[in-house]
Undergrad: 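Quick one: the structure is below, and I'll ask about it shortly.
No experiment lies behind these values; they were computed from the predicted model shown. Read the numbers this way: they start at 1 and go in the same order the structure lists the ligands and their atoms.
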Amino acid sequence: MAVKSMTAADNAAAPVPVPLTEQDLAVADRIAGTSIFLGASALLIGVTLGVMQGLEHVGINLYKYVQPWVATYYHGLTMHGVLNALVWTTFFIVGFFTYAIVRSLNRPLRYPWLNVLGLLVMVIGLLTAAVPMLTNNASVLYTFYPPMKADWSCYLGLTLVVVGSWMAGWGYFFTLYAWRKEHPGQKQPFIALTVSITMAMWQLATLGVAAEILFLLLPWSLGLVQGTDPLLGRTLFWFFGHPLVYFWLLPAYVSWYAMLPAQTGGKLFSEQLARLVFWLFLLLSTPVGFHHQYTDPGIPQAWKFLHTTITFSLAFPSFLTAFTVVASLEVGARALGGKGYFGWIRKLNWGNPSYAAQNLAMILFVFGGIGGITNASFNLNLAVHNTIWIPGHFHLTVASASTLTFFGILYWLAPALTKRKLFAPKLALAQAWTWFIGMLLMGNALHLLGLHFGAPRRTMLGSAPYASPDWNPFLMESAVGVTFLAISATLLYIVLIGTLFNKKSDVEVKMPVAEPLNPSQSIPKWLDSWTPWVFGAVALVLVAYGPMLYQLIRDIELTSPGWRVW
Ligand code: HAS
Ligand code: CU
């Protein structure tokens, strides 16, 4: 059944659509610009620390130059993970989505104050968490596993960042809801829908970390209870931790499906498939957290196996994405005269930094994705878990598929927000390629170090007494990659700061929007309605987590004392 068309009666009852004025756009863009600016500032510190870590592994110790700001390797590693993986991503995504949803719906935010408040709460949270982190009172890494114990203000700050991002999501839901009332019977615009699905997934996922912090970590760090239960803490964390990675990925997918084809003359190959992909992510993203806990005792194998099975189902929408997005780009390249099985690839818009960055991100994700499937394979996981293979995996995913795509988005979004020309597009292109080469080298080296030698993750390898000389070629390969990344990050900030101060552009930069290849293709109702997917997602979480969580909570033992291991 296709989405029903509007009837005269529907139309008469519907509220009049609210027009989008320049002032409405200015409000949304100010939220977007502030959020992205803060995210990019966090990333600047985060990547600098990353370069220091990479060079430490080949014995170049830069930490002595940054005392006391970065007291130890682990102090730096914590800030690296939090600033890059949590702060940069969340602030960028909220900014990008706020910009995109009003354009997609051609309607102002329903409650702009809610989105402003959301950003404010995120900023207060960031500042609250920054104090203990900068002062080395929360060096518990970005996963903050108990029984390592941080200062309470760190947990509170992170909670506020999450609550602020919830508010941003509520702001989008109200806006989409208002649009639906005003447009009865019309299918929801693709970008607004996928932005909202991503945020709905995020609401469900973050319940895990909210419960972990509110019921376990905060009372414990405040001294209200004496001990904690690490297994319950980790379980609640990974309830959130896996869908967190899709919160990073889906904004990139929004761009790959709905924007990138337009940047190379392509069309969205199948809107039906694209919608199905996002609904599947809502359905399947959360009940898979045990694939991070294969080696945890106390969780029966059967539950781990169930999560393995759901994880493999969850790889399916990414396979669909590989097919649909590549087809969407190929349409464009062939229209420009591209020929042959692979010859068309040359006709893609490689000269445009925004396009090139995102296509390079996709290529790195092929390797990141394959590594993910390896990780998920229960017994193969034993060979790589807690080795530096895992940082190899996540630098090809969050630091490449997501982050390099976000850079590509910034190359049109920064000019759109600032109304200034992109500064030095050639440097931007060089930035994309150096990031690509850097991540390729570092990613390859870290995977091999983990797999062949069992080199551990979260470790100062440069001063590890057990490090064997056999590791050196790979550590060197990684250091060369890190050097490329350092150059790339420098170029990024030259381009971004240059754009901020560049002359005003006379050409207005707009959000690229890919047209569907087959506009007459109707969207079945089940691909446009929320109810089955939301209920399905909640039900699956109850089935896949409910009994285990019940058991862990029933048998809770708040006996583990807190550790300050730094
Ligand atoms: Fe993962 C650990 C499994 C995807 C991030 N993952 C991590 C950690 C992070 C992370 C941060 O099962 C470390 C957490 C920690 O600190 O402990 N991951 C998976 C699986 C997938 C996956 C099955 N991960 C991601 C994404 C991330 C991310 C996405 C961030 C954005 N991951 C795991 C597991 C662990 C794990 C275990 C725990 C390991 C352990 O032992 O601790 C899947 O979603 C991957 C599916 C993806 C694909 C690729 C599709 C390719 C596409 C591109 C097409 C482009 C083409 C090129 C063809 C199947 C869509 C076109 C070229 C042209 C020229 C046109
Ligand atoms: Cu995962």
Undergrad: So for atom NZ, which belongs to Lys304, do other residues, nucleotides or ligands contribute more than 12 heavy atoms lying within a distance under 6.0 Å?
TA: yes

Undergrad: Among the protein atoms near the Cu ion (ligand 2), how many are N, O or S and lie under 2.8 Å away?
TA: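 For the Cu ion (ligand 2), the figure is 3.
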
Undergrad: At a cut-off of 2.8 Å, what protein N/O/S atoms sit near atom 1 (Fe) of ligand 1?
TA: His393 NE2

Undergrad: Is Arg346 touching ligand 1 with its side chain, its backbone, both, or neither, if touching means heavy atoms under 4.0 Å apart?
TA: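 It is neither part, as no heavy atom is under 4.0 Å.
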
Undergrad: Quick one: nearest non-hydrogen protein atom to atom 53 (C) of ligand 1, plus distance?
TA: Met362 O, 3.6 Å

Undergrad: Flag Ser318 as yes when one of its N or O atoms lies below 3.5 Å from any N or O atom of ligand 1, and as no otherwise.
TA: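 No - when backbone and side-chain N and O of Ser318 are compared with those of ligand 1, no distance drops under 3.5 Å.
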
Undergrad: Any side-chain donor paired with an acceptor under 3.5 Å for Asn375 and Trp389?
TA: yes

Undergrad: Is any N or O atom of His385, backbone or side chain, closer than 3.5 Å to an N or O atom of ligand 1?
TA: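 In this structure, His385 places an N or O atom under 3.5 Å from an N or O of ligand 1.
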
Undergrad: Can you tell me if Ser402 has a non-hydrogen atom under 4.0 Å from ligand 1?
TA: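 Yes, Ser402 has heavy atoms under 4.0 Å from ligand 1.
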
Undergrad: Enter the distance from Phe406:CZ to Gln358:CD here, rounded to the nearest 0.5 Å.
TA: 10.0 Å

Undergrad: The criterion is side chain to side chain donor-acceptor pair (under 3.5 Å); which residues satisfy it with His452, sequence neighbours excluded?
TA: none

Undergrad: Are Leu360 and Trp435 close enough, and set up right, to give a side-chain contact (heavy atoms from CB on, under 4.5 Å), and what steps lead you there?
TA: CA-CA 9 Å; Leu360 293 173; Trp435 196 268; over 6 Å; no

Undergrad: Counting heavy atoms only, which of Ser400, Ser328, Ala401, Ala322 is nearest atom 54 (C) of ligand 1?
TA: Ala322

Undergrad: Using ring centroids (six-membered ring only for Trp), state whether Trp256 and Tyr253 fall under 6.0 Å.
TA: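 Judged by ring-centre distance (under 6.0 Å), Tyr253 and Trp256 do meet the cut-off.
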
Undergrad: Select one of side chain, backbone, both or neither to describe which atoms of Ile370 lie under 4.0 Å from any atom of ligand 1, heavy atoms only.
TA: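 Looking at Ile370 and ligand 1, no heavy atom falls under 4.0 Å.
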
Undergrad: Check Phe312 against ligand 1 and report side chain, backbone, both or neither, counting heavy atoms closer than 4.0 Å.
TA: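 Within the 4.0 Å criterion, Phe312 makes no contact with ligand 1.
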
Undergrad: Between His292, Gln293, His307, His395, flag the one that comes closest to atom 38 (C) of ligand 1 by a heavy atom.
TA: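 The residue whose heavy atom sits nearest atom 38 (C) of ligand 1 is His292.
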
Undergrad: Checking contacts here: is it the side chain or the backbone of Thr311 that comes within 4.0 Å of ligand 1, counting heavy atoms only? Could be both or neither.
TA: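 The side chain, only.
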
Undergrad: What atoms of ligand 1 come closer than 4.0 angstrom to any heavy atom of Asn381?
TA: 39 (C), 40 (C), 41 (O)

Undergrad: For ligand 1, is there an atom lying under 4.0 Å from some heavy atom of Tyr294?
TA: no

Undergrad: Distance under 4.0 Å to a non-hydrogen atom of Tyr142: what atoms of ligand 1 satisfy this?
TA: 11 (C), 13 (C), 14 (C), 15 (C), 16 (O)

Undergrad: Could you verify whether a donor N or O on one side chain and an acceptor N or O on the other, from Tyr172 and Thr98, lie under 3.5 Å apart?
TA: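 The criterion, which ignores hydrogens and geometry beyond distance, is satisfied for Thr98 and Tyr172.
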
Undergrad: Are there over 12 heavy-atom neighbours, none belonging to Phe436, within less than 6.0 Å of that residue's CZ?
TA: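 Yes, because the 6.0 Å sphere around CZ of Phe436 holds more than 12 heavy atoms from other groups.
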
Undergrad: Ring pair (Phe, Tyr, Trp, His ring centres under 6.0 Å) for Tyr411 and Tyr355? Distances and angles first, verdict last.
TA: CA-CA 9 Å; Tyr411 290 148; Tyr355 179 82; over 10 Å; no

Undergrad: Report yes or no: do Gln263 and Asn352 form a side-chain donor-acceptor pair below 3.5 Å?
TA: no

Undergrad: Nearest protein heavy-atom contact for atom 51 (C) of ligand 1: which residue, which atom, what distance?
TA: Phe365 CD2, 3.7 Å

Undergrad: Tell me whether Trp344 has any N or O atom under 3.5 angstrom from an N or O of ligand 1.
TA: no

Undergrad: If I take atom CD1 from residue Ile523 and atom CZ from residue Phe190, how far apart are they, to the nearest 0.5 angstrom?
TA: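 Output value for this atom pair is 9.0 Å.
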
Undergrad: Any idea which part of Tyr246 is under 4.0 Å from ligand 1, heavy-atom wise: side chain, backbone, both or neither?
TA: side chain

Undergrad: So if I count the atoms of ligand 1 from 1 in the order they appear, which ones are less than 4.0 Å from some heavy atom of Val326?
TA: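 Counting from 1, the qualifying ligand atoms are 56 (C), 58 (C), 61 (C).
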
Undergrad: Which atoms of ligand 1 are found less than 4.0 Å from any heavy atom of Val398?
TA: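 Counting atoms of ligand 1 from 1, those under 4.0 Å from Val398 are 30 (C), 31 (C).
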
Undergrad: I need the atoms of ligand 1 closer than 4.0 Å to a non-hydrogen atom of Phe319, numbered in the order shown.
TA: 59 (C)

Undergrad: Distance to 0.1 Å, residue and atom name: give those for the protein heavy atom nearest to atom 64 (C) of ligand 1.
TA: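 Sorting protein heavy atoms by distance from atom 64 (C) of ligand 1 puts Asn359 OD1, 3.6 Å first.
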
Undergrad: Side chains of Thr321 and Tyr257: any donor to acceptor distance under 3.5 Å?
TA: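 Yes, because at least one side-chain N or O of Tyr257 sits under 3.5 Å from a partner of the opposite role on Thr321.
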
Undergrad: Does ligand 1 have any atom that is closer than 4.0 Å to a heavy atom of Glu330?
TA: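 It does not, in that no heavy atom of Glu330 comes within the 4.0 Å cut-off of ligand 1.
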
Undergrad: Do other residues, nucleotides or ligands put more than 12 heavy atoms under 6.0 Å from the CZ atom of Phe367?
TA: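 No, the 6.0 Å shell around CZ holds no more than 12 heavy atoms from other groups.
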
Undergrad: Which bit of Trp238 is near ligand 1, meaning a heavy atom under 4.0 Å away: side chain, backbone, both or neither?
TA: side chain

Undergrad: Leu249 heavy atoms, cut-off 4.0 Å: which ligand 1 atoms fall inside?
TA: 29 (C)

Undergrad: Would you say the side chains of Gln431 and Ser488 form a donor-acceptor pair under 3.5 Å?
TA: yes

Undergrad: Take a 6.0 Å sphere around CZ of Arg458 and say whether it holds more than 12 heavy atoms from other residues, nucleotides or ligands.
TA: yes

Undergrad: Which atoms from ligand 1 have a heavy atom of Tyr253 less than 4.0 Å away?
TA: 60 (C)

Undergrad: Give a yes or no on whether the ring-centroid distance for His291 and Phe378 is below 6.0 angstrom.
TA: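 That pair fails the under 6.0 Å test.
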
Undergrad: Do Thr308 and Tyr294 meet the criterion of a side-chain donor-acceptor pair at a distance under 3.5 Å?
TA: yes

Undergrad: State whether a side-chain donor-acceptor pair under 3.5 Å links Asp296 with Gln293.
TA: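 There is such a pair between these side chains.
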
Undergrad: side-chain contact (heavy atoms from CB on, under 4.5 Å) for Leu446 and Ser478? Distances and angles first, verdict last.
TA: CA-CA 7 Å; Leu446 299 189; Ser478 164; 4.0 Å; yes

Undergrad: Between the side chains of Trp248 and Thr89, is a donor N or O closer than 3.5 angstrom to an acceptor N or O?
TA: yes

Undergrad: Could you identify the single nearest non-hydrogen protein atom to atom 39 (C) of ligand 1 and state the distance to 0.1 Å?
TA: Ile390 CD1, 3.4 Å

Undergrad: Return the set of residues passing side chain to side chain contact (heavy atoms under 4.5 Å, CB included) with Phe319 (not counting sequence neighbours), or none when no residue passes.
TA: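 For Phe319, the residues satisfying side chain to side chain contact (heavy atoms under 4.5 Å, CB included) (neighbours in sequence not counted) are Ala315, Ile373.
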
Undergrad: How far is atom 17 (O) of ligand 1 from the closest protein heavy atom, and which atom is that?
TA: Arg457 NH1, 2.9 Å

Undergrad: Determine, using ring centers only, whether Phe290 and Trp303 are less than 6.0 Å apart.
TA: no

Undergrad: For ligand 1, which part of Phe290 has a heavy atom less than 4.0 Å away: the side chain, the backbone, both, or neither?
TA: neither

Undergrad: Which atoms of ligand 1 sit under 4.0 Å from any heavy atom of Val366?
TA: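 Those of ligand 1 that fall under 4.0 Å from Val366 are 55 (C), 56 (C), 58 (C).
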
Undergrad: Scan side-chain atoms only and decide if His75 and Ser139 contain a donor-acceptor pair under the 3.5 Å cut-off.
TA: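 Per modelled atom types, His75 and Ser139 side chains form no pair under 3.5 Å.
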
